[in-house]
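Read the structure below first, then the notes.
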Protein chains: 2
Amino acid sequence: MVNHNKDQLNEIFHALSDPTRREIIHSMHQKEKTVSELAQPFDMSLAAISKHIKVLERAKLIERSVNGRTHLCSLNTESLSKATEWLQFYEKFWSNRFDLLEKELLEAKKKEH
Amino acid sequence: MVNHNKDQLNEIFHALSDPTRREIIHSMHQKEKTVSELAQPFDMSLAAISKHIKVLERAKLIERSVNGRTHLCSLNTESLSKATEWLQFYEKFWSNRFDLLEKELLEAKKKEH
DNA sequence: TTTATATTTAACCAGATGGTTGAATGATAA
DNA sequence: TTATCATTCAACCATCTGGTTAAATATAAA
């Protein structure tokens, strides 16, 4: 139970670490796409793209609706949000650190006078 | 030139895809830590942690300042920001999509009357 | 100088990853 | 029915990954 989140983050970040998969995500950011539409821009076998899509699917970054012999893929931003949430925790922490630093600097200036 | 960004995203997301590395990031989110401090919570050799740290360093997620025989590691949030920026583009696009849908729905309701 | 400490490096290994090709599946079109 | 089309599956392969242990390096302490 506890590790679901951790495992999903592993899968999300791993899925995003491949440029082909990021391009796949990009090419469906406005509209759902079939597997062959997604494969078209790449100089790579359909089987390879099929695997990439499965990796994205396991990370729940995309969803697939089977329609006859064609599969329509669409983005699922929930997983994207999970990743950004993780990241922003540390970004915020850091900017807070700088805010604090700035305050201390101001305090120091006040004391000068 | 063009691919620097792409390659760095590969490295950032790859670095983040490992739970040990995410914990390392977590354990230095308030304060810089030495390599052995970072290694302490893990049931793993120092050599392994040393490798993890190098992966984080290559992704520019952390910086290291060598001080005598100890190395101090600190977070570098610039890389974190690069990752969130990439992610948020797609998140935004999607929420815009829903906003649009909502507007259309409202228009449709108006026309009903 | 000798010894201890902090860290990296090198060599190795099992398993994962990202690609290939060729065959299988399953739905549509002729 | 028979082709054809969209997609996956299986077997294979080279390379990468995440770990190990043992030795090397470099600084600090006795």
(request) Check whether the side chains of B:Gln88 and A:Thr84 place a donor and an acceptor atom closer than 3.5 Å, and report yes or no. (result) no
(message) Can you pull out every salt bridge (Lys or Arg N to Asp or Glu O under 4.0 Å) where at least one residue sits in residues 11-21 of chain B? Sequence neighbours excluded, please.
(response) B:Glu11-B:Arg58
(request) Spell out, as yes or no, whether a donor-acceptor pair under 3.5 Å connects the side chain of A:Arg22 to the backbone of B:Lys6. (result)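 Confirmed, A:Arg22 side chain pairs with B:Lys6 backbone.
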(message) Taking B:Ala48's backbone N and O only, do any of them form a donor-acceptor pair with B:Ser45's side chain (distance below 3.5 Å, no angle check)?
(response)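 It does hold such a pair.
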(request) Let me have a per-nucleotide readout for nucleotides 7-20 of chain D, 5' to 3', with B, S or -, counting only protein heavy atoms under 4.0 Å. (result) BSB-B-----SSBB
(message) Expressed as a whole number of angstroms, how long is the span from A:Leu16:CG to C:dT17:C1'?
(response)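 Rounding to the nearest Å, CG of A:Leu16 and C1' of C:dT17 are 16 Å apart.
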(request) Grab the CD-P distance between B:Gln40 and C:dT5 for me, whole Å please. (result)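 My rounded result for the distance is 17 Å.
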(message) Is the distance from the ring center of B:His29 to that of A:Phe89 below 6.0 Å?
(response) yes
